[in-house]
Protein chains: 2
Amino acid sequence: MDDTKNGESQAEWLDGETKVLEAPGDHGAEIRLWLRLLTCATLAETEIRRRLREEFDFTLPRFDLMAQLERAEKGMVLGEVSRRMMVSAGNLTALVERLVEMGYVSRTVSPKDRRVQIIALTGEGRAAFRIMADRHGEWIGELFKDLSRQDEALLMEALGRLKGSIRSALSGV
Amino acid sequence: MDDTKNGESQAEWLDGETKVLEAPGDHGAEIRLWLRLLTCATLAETEIRRRLREEFDFTLPRFDLMAQLERAEKGMVLGEVSRRMMVSAGNLTALVERLVEMGYVSRTVSPKDRRVQIIALTGEGRAAFRIMADRHGEWIGELFKDLSRQDEALLMEALGRLKGSIRSALSGV
DNA sequence: CCAAGAAACTTTAAGCTTGAAGTTTTTTTC
DNA sequence: GAAAAAAACTTCAAGCTTAAAGTTTCTTGG
């Protein structure tokens, strides 16, 4: 970016400046892409939160937790929920407590290992989630309405590769 | 998804089931895309937060605020920062206060309108931001490393359309 | 001018989130 | 078979975030 300063002798230009167009440390394109991705995520997420609150007086973290539990008929170990949701265990403690109080979730100590908690949706929780999840699906459909099938497929693919790229960077390759 | 259950009489298949492939209320594809987008955003953002903390003992919200101020040579009205960052003004109050305490940001009451605060980076803030922003750029480059030029361009385009779709849904069209 | 309304914040209560430290229970190692 | 290490949480302090309510300062309509 600072490389565009231009009042120097021609020697400087010839010296090693093929890089002007593609400077080694220039990640401008990636940063703009990152910001756009973040904007999409933030806009949609904020709206989902708003509607969840207005329509159901519910929060997104609670919804996400219930979504994880929905697929596990027999419940799920807390640590597994933590891993899947990519949040800390400490975070879940309070979240689960709230949902237990509401009667949406049950919490049982594993008989095999008394350190382990097994979390599951109650019947009531399952029913409540079904209703919210249906609306949630409609909202997403609405927010993504103008996206063509092709764009959807294309985004799915490319974001898959991005996810792989990030994961590989995180695993220190 | 559940629609793939297949052992029924052919009558059922003929009955009204063109929709098996495209049920009216099925937003499965969009939801999967949404979750993938969110995963990418979360993975990258979490890592950026971690590195910002480890390397500079700094937080992402503070970095984002300084990033907004960096381009405004003469400072920026608080409300404008709020709009650009898509966060509430109440949020910024405390954030700005912290950065003022650190000496990175100055806060001035506008002489034209005493309700208005003008926020700007100090020299020290600008210098500190430069250093962090350079590293930030490198991190993004690293996380996006395995993405081809073509994928980048393609994502930029398609996410632009997604952004448009979300925005149009929000403006109640 | 002046009251009503709008605008630009600030304050507050509630909730999410994390990293670090602490507890209990199980597993490993010698 | 202890002591040490590891695992699965829970607790805590600090920080971010928002919506709603409150304050101060313009702006406007009469």
Side-chain angles (χ1 to χ4, degrees), chain A residues 38 41-43 45-68 75-102 105 107-119, chain B residues 38 41-43 45-68 75-102 105 107-119:
Chain A
L38 212 45
T42 302
L43 282 174
E45 189 176 325
T46 301
E47 184 63 9
I48 301 289
R49 280 181 200 274
R50 199 180 66 71
R51 295 187 184 191
L52 219 38
R53 181 172 45 77
E54 302 238 310
E55 194 157 327
F56 299 110
D57 192 26
F58 213 66
T59 69
L60 187 52
R62 290 174 203 184
F63 178 85
D64 288 343
L65 173 49
M66 292 180 77
Q68 289 300 328
M76 219 166 166
V77 171
L78 191 72
E80 176 66 13
V81 182
S82 167
R83 238 163 292 133
R84 293 207 193 193
M85 291 182 67
M86 303 192 284
V87 302
S88 68
N91 186 354
L92 288 182
T93 298
L95 221 45
V96 168
E97 182 55 30
R98 284 307 203 115
L99 290 176
V100 168
E101 279 169 14
M102 296 181 76
V105 158
R107 189 174 32 180
T108 326
V109 172
S110 165
K112 313 204 168 192
D113 184 336
R114 285 187 310 189
R115 292 170 303 179
V116 171
Q117 303 257 353
I118 295 164
I119 315 299
Chain B
L38 211 46
T42 303
L43 282 174
E45 189 176 324
T46 302
E47 184 64 10
I48 300 290
R49 280 181 200 274
R50 199 180 66 69
R51 295 187 184 191
L52 220 37
R53 181 172 44 77
E54 302 239 310
E55 194 156 327
F56 299 110
D57 191 26
F58 213 65
T59 68
L60 187 53
R62 290 175 203 184
F63 179 84
D64 287 343
L65 172 49
M66 292 179 77
Q68 289 298 330
M76 218 166 169
V77 171
L78 191 71
E80 177 66 12
V81 181
S82 167
R83 238 163 292 134
R84 294 209 193 194
M85 290 181 70
M86 303 191 284
V87 302
S88 68
N91 186 353
L92 288 182
T93 298
L95 221 45
V96 168
E97 181 55 31
R98 283 308 203 113
L99 290 176
V100 168
E101 278 169 17
M102 295 180 78
V105 159
R107 192 173 29 181
T108 326
V109 172
S110 164
K112 313 204 168 196
D113 184 338
R114 285 185 312 189
R115 293 170 304 178
V116 171
Q117 302 258 355
I118 295 164
I119 316 299

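To find a chain, count down the sequence lines: A is the first, B the second, and so on, and within it residues start at 1. Quick note: numbers below take in every heavy atom, side chains included, and nothing from hydrogens, waters or symmetry partners.
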> Below 4.5 Å, heavy atoms only, C-beta onward: do B/M86 and A/L43 meet side chain to side chain?
Replying inline: yes
> Whole-Å distance between D/dT17 C1' and B/L65 CG?
Replying inline: 14 Å
> Taking CD from A/E97 and C1' from D/dT10, how many angstroms apart are they, rounded to a whole number?
Replying inline: 11 Å
>> Check this one for me: any side-chain N or O of B/N91 less than 4.0 Å away from OP1 or OP2 of D/dT18?
In response: yes
>> Using every non-hydrogen atom in the two residues, find where B/M85 and B/P61 come nearest and quote the distance to one decimal.
In response: CE-O, 4.0 Å
>> Between the side chains of B/E47 and B/R50, is the shortest nitrogen-to-carboxylate-oxygen separation below 4.0 Å, so that they form an ion pair?
In response: yes
>> Is there a salt bridge (Lys or Arg N to Asp or Glu O under 4.0 Å) between B/R51 and B/E54? Walk through the geometry before answering.
In response: CA-CA 5 Å; B/R51 295 187 184 191; B/E54 302 239 310; over 6 Å; no
>> Which residues pass the side-chain contact (heavy atoms from CB on, under 4.5 Å) test with A/R107, not counting sequence neighbours?
In response: A/V96, A/E97, A/V100, A/Q117, A/I119
>> Let's see if you can work this out: which of D/dC9, C/dT17, C/dC9 has an atom nearest to the side-chain heavy atoms of A/L95?
In response: C/dT17
>> From CG of A/D64 over to C1' of C/dG15, roughly how many Å is that when rounded to an integer?
In response: 15 Å
>> Both B/I118 and A/L92 contact DNA chain C. Which one's nearest nucleotide lies toward the 5' end?
In response: B/I118
> Looking at B/F63 and B/F58, what are the two nearest heavy atoms and their distance?
Replying inline: N-CE2, 3.5 Å
> How long is the line joining NZ of B/K112 and P of D/dT27, in whole Å?
Replying inline: 12 Å
> Quick one: which of D/dT24, D/dT18, D/dC9 gets closest to the side chain of B/R115?
Replying inline: D/dT24
>> Is there a side-chain contact between A/R114 and the phosphate of C/dT26, meaning an N or O under 4.0 Å from OP1 or OP2?
In response: yes
> Considering only side-chain heavy atoms of B/D113, which listed nucleotide, D/dT25, C/dC9, D/dT10, is closest?
Replying inline: D/dT25
>> Below 4.0 angstrom, which residues in residues 45-63 of chain A have at least one non-hydrogen atom near DNA chain C?
In response: A/T59, A/P61, A/R62
>> What is the distance, to the nearest angstrom, from the CG atom on B/L78 to the C1' atom on D/dT25?
In response: 16 Å
> What's the CD-P distance between B/E80 and C/dC9, to the nearest Å?
Replying inline: 11 Å
>> Mind checking if A/M86 touches a base, just sugar-phosphate, or nothing, with heavy atoms under 4.0 Å?
In response: sugar-phosphate
>> Contact between A/M76 and A/S82 at the side-chain level, heavy atoms closer than 4.5 Å - yes or no?
In response: no
> When you match B/G90 and A/G90 each to their closest nucleotide on DNA chain D, which lands nearer the 5' end?
Replying inline: A/G90
